[in-house]
A.B. asks: 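Provided herewith is a single structure, encoded as C-alpha cells, for subsequent inquiry.
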Amino acid sequence: MSEPVLQVRRLNVGFASRGRVTPAVRDLSFSVKAGETLAIVGESGSGKSLTAFALLGLVPPPGVVSGEAIALEGRNLIGLPEKRLREVRGARIAMIFQEPMTALNPVLTIGEQIMEVILEHERVSPRAAKARALELLAQVRIPDAERRFHDYPHRLSGGMRQRVVIAMALACAPAVLVADEPTTALDVTIQAQILDLIDTLKREHGTAVVLITHDLGVVAEHADRVLVLYAGRKVEERAARDLFAAPLHPYTRGLIAARPRLGGRGAVRARLTEIPGTVPGLAAMPDGCAFAPRCPVAEAACTLALPPLVPAGTGSVACLRVGDIHAAEPERLSVVHA
Amino acid sequence: MAALAHLRRGFVQIAFVVLGIAIINFFLLRLAPGDAAQVMAGEAGSATPEYMAALRRQFGLDQPLHVQFFSYLKNVLTLNLGYSFRQGLPVSELIAHRVGPTLLLMGASIGFAITVGGTLGFLAARHAGKAADTIISILALLFYATPVFWVGVMLVVVFSVALDWLPVGGMITIEAGHTGLAYAWDVAQHLVLPTLTLGLFYLAIYTRLMRASMLEVYGQDFVRTARAKGVRAHRIAVRHVLRNALLPIVTTLGVQLGSVLGGAILVETVFSWPGLGRLAFEALFQRDLNLLLGILFCSSIVVVLINLAVDVIYTLLDPRISLGGTP
C-alpha cells in the first residue's frame, strides 16, 4: 500500500500538576495508511481516548502533549500553533465521539452544524455548503434529508445523531478519521449499522481510520490492524487476523479470553475468564512491565526492566516471555511466523 | 396552536395567582397595628374619639373584618381598586400616574445590568484565569457587596454635587417646561444616576452568572465537537456557548424582577423619583391600605406577566423547550 498518511512517533501525553508531569501515554508510535483501519484497544484508563484527542490537539489542560511527531500528510502537528492546528482540524483530520447524545449543539439545527464545518474550512457560498450538507446527509443514509436538515438534534435518535456526527466529520473529506468508541453508547442493532457505514465511507473516500474501542468483537470485524495499549504503552501491534489467531502478549491473550462468545450447539456456557486485578494507577507505575503484577506467566525479570518492543510476524510485541509462550504452544507459533 | 393554548392556560393561572396574592396581601396588611384613622388623628395633633369613629365610618373601617374582606374581594374581581382617602384620589388614577416612571426606571436598570453585565461575564469567561477575568470578577464582587443606598448617595455626591454633571433628583426639570426631544433628553439625564444605582447590583449578579454559565457550557461535549470541527474560538464562544448560556440568565431575570421592584423603592426615595415604589412607601407609613393593596395588586400582575414572557423567551432560545407540554 501507499505511504502512511498519519505517522505517530514517540507520542507522550501526561498530566501536569505542581510542576510535575504524570505520564498517561508513553512513547507511543504507530502509523496508518489511506483506506486502512487501525484499532487501538485497551481497558478504561489505558490512554486510548487520550491518544485520540492528542491526534487532534484537543487534550484539555492540564494535559500536556510532547513527543517526536504526529505527522499528518507529512506535517508535524506537535508544536503547531493553535491557528494552524485549527485549520487542520475538521478538514484533514476529523473525529467521531462516543456520546452522540451530547456531541451536537442542542440549539442549532443539524443542517447548520454540518454547514459550519464546510464554511469554516472552504471558501464556498452558503448555498453550495447547504447542497453539500444535504448530500452528506444522504451519504450517511439519513432518510428524508431535506426535512431532517432543519431538525434540531433532540428530534433524532442516538443512531441518527451519530450519523450526523459522521457527516460532519466527513464534510471536508479528511485524510484521517478518528473514531473514539463510536458505538459504545448505541443499541446493538444500530452499532453494526454505524460501523458498516464507517467502513463503506472509508472505502469510498480512501480515508484512514483510527478506531478506538474496548470491544474486541468490533475490532475483529472492522480493523485491518490492532494496537493493544496497556497502561499507556503499546504492548502488541499486529495485523488483526494474526492477532486473533495467535495473540502473543499475555495481556492480549487475557483480553481475547475474556470475550463473551456464543457456544457451539449444546455447549455448556462456560464462565467468562477474567484478568485479575486492575490497571495500575498513573502515579504508581511499576518499574518493569506494567502488566507483570497481573500476568499469569510473569517472572522476576519482568519486574526489573521495561520489555522492549520486538518484531513479531506482522507487527511487534513487548513481552520478555513471548518466546516461552510460543514454545508451550507450537501450533500457534506457526501462524506467527507464517 | 400549542403556543396559543399555552398562553390561554397561562392567563387562567395568572388570574388565580393574582387573586391569591390579593387575598394574602389583604390579611397581611391587617396584621399591622394602627389604621388610617389613627395616623390622621395623630397628625392632627388631637382628636376626639367621636372624630376618629367618624373617620372610620367614612373609610369603612368600622365594618367587621369579613365584611371588609368581601367588599375588597368584590372590588378586586371587578378590577375596582378603590379610593385613597389620604390622597383624595382614586387608587387607579394614582397608580396610572406613577407606573410609567417606575417601569422606565426598572427597564433601564435591567437593560443596563443585562447588556453590560452579560458582556463583562462573556469577556471574563473568554479570558478565564487571565488578567481581564480577574479584574472583571473583582469589580463584580465590589458592586455586589456595596449597599445600594450608599452607591446612590456617592453617585449624587460625585456627579451632581462635586462635578455638577447630572441632576440630583426628580424626573424632569420642572421650571424648564421642555417638550418633545428636549423633554426626552431631560428625562434621560435624570434617569442616569437612579439607573446606575439600581442597576449596578444586578450588573454584578449578571456578570457572575454569565461567566459561570459560559464556563459550564464550555465544558460540554458539543463544544469539544465544535473544536474538533476546527471552528474558530470566537465563533465557538458566540455561536455555541453564548446561546446555550443565556437560559439561566433569562430564568434569573424572571425571578429577580420582583426584587428589582423592591429595590426601586429605595432608589426612588433617594432620588425623589416619582414612581410606584415611593408611592407604596408613603402609603405604608400612612396606613393607606387601599392604595397599598392596589399597588401590590398591580405589581403582582406585572411580575406574573413578565414570567409568562420568560416562558415564551425560553422557547425562542431552546428548541427543546416547547409551549404546551411535551414536545
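In what follows, chains carry the letters A, B, and so on, assigned in the order in which the sequence lines appear, proteins first and then strands, with residues in each chain numbered from 1.
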A.B. asks: Which one of B:N244, B:L317, B:V223, B:D318 has the most heavy-atom pairs closer than 4.5 Å to chain A?
C.D. replies: B:N244
A.B. asks: At a heavy-atom distance under 4.5 Å, which candidate from B:Q220, B:R235, B:R224 has the highest pair count against chain A?
C.D. replies: B:R224
A.B. asks: Considering only heavy atoms, which portion of A:A103 lies under 4.5 Å from any heavy atom of chain B: side chain, backbone, both, or neither?
C.D. replies: both
A.B. asks: Between the side chains of A:Q113 and B:H240, does any donor sit under 3.5 Å from an acceptor?
C.D. replies: no
A.B. asks: Which bit of A:L104 comes within less than 4.5 Å of chain B, counting heavy atoms only: side chain, backbone, both or neither?
C.D. replies: backbone
A.B. asks: Can you tell which of A:L58, A:V88, A:L56 has the highest number of heavy-atom pairs within less than 4.5 Å of chain B?
C.D. replies: A:L58
A.B. asks: By a 4.5 Å heavy-atom criterion (distance strictly below it), what part of A:Q98 contacts chain B: side chain, backbone, both, or neither?
C.D. replies: neither
A.B. asks: When only pairs under 4.5 Å are counted, which of A:C172, A:P106, A:A94 shares the most heavy-atom pairs with chain B?
C.D. replies: A:P106
A.B. asks: What distance do A:M95 atom CE and B:T225 atom OG1 have between them, rounded to the nearest 0.5 Å?
C.D. replies: 9.0 Å
A.B. asks: If you count heavy-atom pairs under 4.5 Å with chain B, which of A:L108, A:T102, A:N105 comes out on top?
C.D. replies: A:N105
A.B. asks: Should A:E120 and B:R232 count as an ion pair when the cut-off is N to O under 4.0 Å?
C.D. replies: yes
A.B. asks: With distance as the sole test, does A:R89 use its side chain to make a donor-acceptor pair with the main-chain N or O of B:A228 at under 3.5 Å?
C.D. replies: no
A.B. asks: Can you establish whether the number of heavy atoms outside A:E82 located under 6.0 Å from its atom CD is more than 12?
C.D. replies: yes
A.B. asks: Would one find more than 12 heavy atoms of other residues, nucleotides or ligands at under 6.0 Å from atom OH of B:Y144?
C.D. replies: no
A.B. asks: Which of these, A:I118, A:I114, A:V117, A:V165, sits in a side-chain contact (heavy atoms from CB on, under 4.5 Å) with B:K229?
C.D. replies: A:V117
A.B. asks: Sub-3.5 Å donor-acceptor pair from the side chain of B:R243 to the main-chain atoms of A:V107, do we have one?
C.D. replies: yes
A.B. asks: Should B:R239 and A:E116 count as side-chain neighbours, where that means a heavy-atom distance under 4.5 Å?
C.D. replies: yes
